[in-house]
Amino acid sequence: MLAASALQQGDLVGFTFFIGTMAMGAASVFFFIERSAVSDKWKLSLLVSGLITAIAAAHYWYMREFWVTTFTGTNASTASPTEFRYIDWLLTVPLMCTEFYLLLKAAGASINMLWRLIGYAILMLVAGYIGEVSAEIGRPIRGFENFGWGVISTIGWAGIVYEIFFGEAKQLADGSSDANVRRAFNLLRGFVLIGWAIYPIGYMTLPGNVLSGSTELAANMNVVYNIGDAINKIGFGLVIWNLAKRGK
Ligand SMILES: *C/C=C(C)/C=C/C=C(C)/C=C/C1=C(C)CCCC1(C)C
């Protein structure tokens, strides 16, 4: 067992876990402090932005430690901090759905829309988790391999994309009289369509999936996930911060 702080030379994955921890922590301080500098209307949204990065910072702390104590430089990293990763996502992705709800509340967003988004998110994440476990143990779970669970997970993601590009969320945004809200909505849904597409690419590097080029179970996927999280969680928060700063 290595010391928790022992980042090995050349450990790129560990590098991104360390950067991720710091970046999420710093973003949280920023969003929490800036909350007092925006109009009341957006204070709750900014609080949620800070919670998203704070929850991620705590889980990056655990994942970073898990990684540096498992990685030896030559063991091909056969274990991934899968549980911490998905506990983080199960909390933060529904909070990101809540950001859409808060953004569109003045335009008439219903609580049903929020529950639909959260339902899709949970389908996406539970199926993704089972698929990752199936890759770790090297056999199908309930008849589906890692790839099959990835397909089920993608249905959940598609549900969210449908909701914000064609469903109630899109209609509400179109009807909003606030140009800043429409602009922020467009940016946020761009994150969901393009930024979130980073994750299935990481997932496809798992053994038995379409992009797996090596036997390294965890390495490639974790780098991709860490980059995705930094872009999406901090980026999401910055869009909201920018909207809130524009006032009104
Ligand atoms: C802050 C964390 C975020 C925004 C996490 C998002 C995660 C995804 C969009 C994951 C999607 C997946 C698929 C669409 C298929 C393969 C399995 C997943 C879970 C990686």
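For clarity, every value in this text was computed on a predicted model and none was experimentally measured. Sequence positions, counted from 1, serve as the residue numbers for this chain. Counting convention: from 1, in listed order, for ligands and their atoms alike.
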Problem set entry | Sole candidate of Asn222, Asp229, Asn226 that passes side-chain contact (heavy atoms from CB on, under 4.5 Å) when paired with Thr16 | Asn226
For this session: Could you tell me which non-hydrogen atom of Ile231 sits nearest to which non-hydrogen atom of Ile198, and how far apart they are?
Result: CD1-CD1, 4.0 Å
For this session: For atom 9 (C) of ligand 1, grab the closest protein heavy atom and report residue, atom and distance to one decimal in Å.
Result: Met124 CE, 3.4 Å
For this session: Indicate the atoms forming the closest heavy-atom contact of Leu95 with Leu51, along with that distance.
Result: CD1-CB, 4.3 Å
Exercise. Can you list the ligand 1 atoms lying under 4.0 Å from a non-hydrogen atom of Tyr203?
Worked result: 16 (C), 17 (C), 20 (C)
Exercise. Do you know the tightest heavy-atom contact between Val38 and Lys43?
Worked result: O-NZ, 2.7 Å
Seminar exercise, completed: A student comparing Tyr225, Trp196, Phe191 should find that the heavy atom closest to atom 4 (C) of ligand 1 comes from Trp196
For this session: Run the salt-bridge test on Arg182 and Asp178 with the 4.0 Å N-O cut-off and return the result as yes or no.
Result: no
Problem set entry | Least distance between heavy atoms, Thr53 atom then Ser28 atom | OG1-OG, 2.9 Å
Seminar exercise, completed: the protein heavy atom lying closest to atom 3 (C) of ligand 1 turns out to be Tyr199 OH, 3.4 Å
Problem set entry | SB check Glu145 Arg139 (cutoff 4.0 Å) | no
Exercise. Within 45 degrees of the axis of the six-membered ring of Tyr225 and under 6.0 Å from its centre: does Arg85 put its NZ or CZ there?
Worked result: no
Exercise. Hey, which atoms in ligand 1 end up nearer than 4.0 Å to a heavy atom of Pro200?
Worked result: 14 (C)
Exercise. Does ligand 1 have any atom sitting under 4.0 Å from a heavy atom of Tyr86?
Worked result: yes
For this session: Note the single closest protein heavy atom to atom 12 (C) of ligand 1, along with its residue, its atom name and the distance in Å.
Result: Ser153 OG, 3.5 Å
Exercise. Taking non-hydrogen atoms only, is Asp88 closer than 4.0 angstrom to ligand 1 via side chain, backbone, both or neither?
Worked result: neither
Seminar exercise, completed: Gly150 heavy atoms within 4.0 Å reach ligand 1 at atoms 15 (C)
Exercise. Which atoms of ligand 1 have any heavy atom of Asp229 under 4.0 Å away?
Worked result: 1 (C), 2 (C)
Problem set entry | Lys233: numbered ligand 1 atoms lying under 4.0 Å from its heavy atoms | 1 (C), 2 (C), 3 (C)
